[in-house]
Number of protein chains: 2
Amino acid sequence: MGRLWLTPREQTAWRTFINTLPELNAAFEADIAPHGLTMGDYEVLVLLSEAAGTRLRMCDLAAALRLSPSGLTRRLDGMVRNGWVSRVACSGDRRVMYAMLTTQGSKKMESAAPDHVASVRRHFIQPLGSDGINQMCDLFGAVKSHLEESRSA
Amino acid sequence: MGRLWLTPREQTAWRTFINTLPELNAAFEADIAPHGLTMGDYEVLVLLSEAAGTRLRMCDLAAALRLSPSGLTRRLDGMVRNGWVSRVACSGDRRVMYAMLTTQGSKKMESAAPDHVASVRRHFIQPLGSDGINQMCDLFGAVKSHLEESRSA
DNA sequence: CAAGAATAGTTGCGAACACAATTAAGATTT
DNA sequence: AAATCTTAATTGTGTTCGCAACTATTCTTG
């Protein structure tokens, strides 16, 4: 249980996992880059497109992206310059700024999404196979809920 | 096969996976931070400690870390300042600089390693369970070899 | 309702890193 | 052996992002 080192099998699982992640990430970045997007930009577009009124408060968006407030401010700066997002003041609470998807941003998302989905299929879903999909749900579900328990403890 | 969207099951697998990663990463960073290390620093120490003569050529180290040459130069700058690593010229090839673990760096690694292993156990190995370990080997082995095939094609 | 606490967002600053250009040294070709 | 190509590392520059400080608003509490 509380062994000091990992067993060979555990080592393999761990090292395969952490060695694969950066390459997987690079593959997704490379596949979305032809659209002039980073994965970070794309995530913003997805979240806004799914939100009511295609807008989110900065603080909610930052939390969803796990980005610091200042990090989000600057990411949005770029996306506003590109015309994909606009800043909209909130009439009810004047501290709040909404990040809102523009028509251009919406079009950009719709043109990029099929390629991104194909990318996820090709690099992630297909290699797993249908059994692997189910296993992946269970495995990372377990890791995630364990993390959440740790945090609340 | 070449469907446009993901099935609900695939969505769950994918979203659980990408939502868990940043939190898992943050947990490892938080656990190593009390040693005054980032995970990046720790990876350097591990690679050097496993290398023959506790030293590696800059270019080999950069490749192993998937870091650009300049990125490694600057990461080592910090580690040299901290006394964990020293730069050693190579007599056989005077273009080459070795990054070499110092005694201090070796001690730092040995003091941090048990905590890091415990961290990996707690956040990754334990939640998976022993079946999960084997599944993880297979799943990421498949993803990784698929990525390698893509690259060579 | 006035004073302090909490919340939302931006800005200054610094750390980490990638890309391009540069320097230096080996390897190859003729 | 000279010219060229390749490899190794560093430095200049720009981007991205976090932390701390600041401003502006709203909420809370005596």
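Being a predicted model, the structure only gives us computed values, none of them experimental. Every chain is numbered from 1, with letters handed out A, B, ... down the list of sequences.
Listed pair B/Arg75 / C/dA16 fails the phosphate criterion, with no side-chain N or O lying under 4.0 Å from OP1 or OP2. Phosphate proximity of D/dA24 to A/Arg94: absent, as no side-chain N or O sits under 4.0 Å from OP1 or OP2. Remark: B/Arg87 is in phosphate contact with D/dT10, judged by side-chain N or O atoms under 4.0 Å from OP1 or OP2.
Summary of the strand contacts: A/Gly92 and A/Thr38 both lie near DNA chain D, and taking for each the nucleotide with the nearest heavy atom, the more 5' one is attributed to A/Thr38. Each of B/Met97 and A/Gly40 lies near DNA chain D, and the nucleotide nearest B/Met97 is the one positioned closer to the 5' end.
Looking at heavy-atom distances under 4.0 Å, A/Arg74 makes contact with a base. At the heavy-atom level, A/Leu67 lies under 4.0 Å from the strands shown only through sugar-phosphate atoms.
You'll find that the side chain of B/Asp93 is closest to C/dG26, out of C/dG26, C/dT10, C/dC19. Among D/dA20, D/dT10, C/dA18, the nucleotide with an atom closest to any side-chain atom of B/Ser70 is C/dA18. Here the side chain of A/Arg57 is nearest to one of C/dG9, C/dA8, C/dA20, namely C/dA8.
If you take CE of B/Met58 and C1' of D/dT11, they are 13 Å apart, rounded to a whole angstrom. Atom OH in B/Tyr98 sits roughly 19 Å away from atom C1' in D/dT10 (whole-Å rounding). Distance CE (B/Met79) to C1' (C/dA16): 14 Å, rounded to an integer number of Å. In this entry the distance linking CG of A/Leu76 with P of C/dA8 reads 16 Å, nearest Å. To the nearest angstrom, P of D/dG18 lies 10 Å from CG of A/Leu65. For the pair B/Arg66 CZ and C/dA16 C1', the computed distance is 18 Å after rounding to whole Å. If you take CD of A/Glu29 and P of C/dA18, they are 12 Å apart, rounded to a whole angstrom. Rounded to an integer number of Å, the gap from B/Arg95 CZ to C/dA25 P is 10 Å.
A side chain to side chain contact (heavy atoms under 4.5 Å, CB included) with A/Leu47 is found for one member of A/Thr54, A/Asp60, A/Leu101, A/Leu65 and no other, namely A/Leu65.
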Apply salt bridge (Lys or Arg N to Asp or Glu O under 4.0 Å) to residues B/Glu50 and B/Arg55 and explain how you reach the verdict. CA-CA 9 Å; B/Glu50 289 174 347; B/Arg55 77 189 63 191; over 6 Å; no
Yes or no on side chain to side chain contact (heavy atoms under 4.5 Å, CB included) for A/Cys137 and B/Arg9, after CA distance, side-chain angles and deciding distance? CA-CA 8 Å; A/Cys137 290; B/Arg9 195 72 188 150; 3.8 Å; yes
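Counting non-hydrogen atoms of neighbouring residues, nucleotides and ligands closer than 6.0 angstrom, the CZ atom of A/Arg87 exceeds 12 such neighbours.
Using a 4.5 Å heavy-atom threshold, the side chains of B/His123 and B/Leu24 count as touching.
Taking only distance into account, the side chain of A/Thr73 never meets the base of C/dG9 through a donor-acceptor pair shorter than 3.5 Å.
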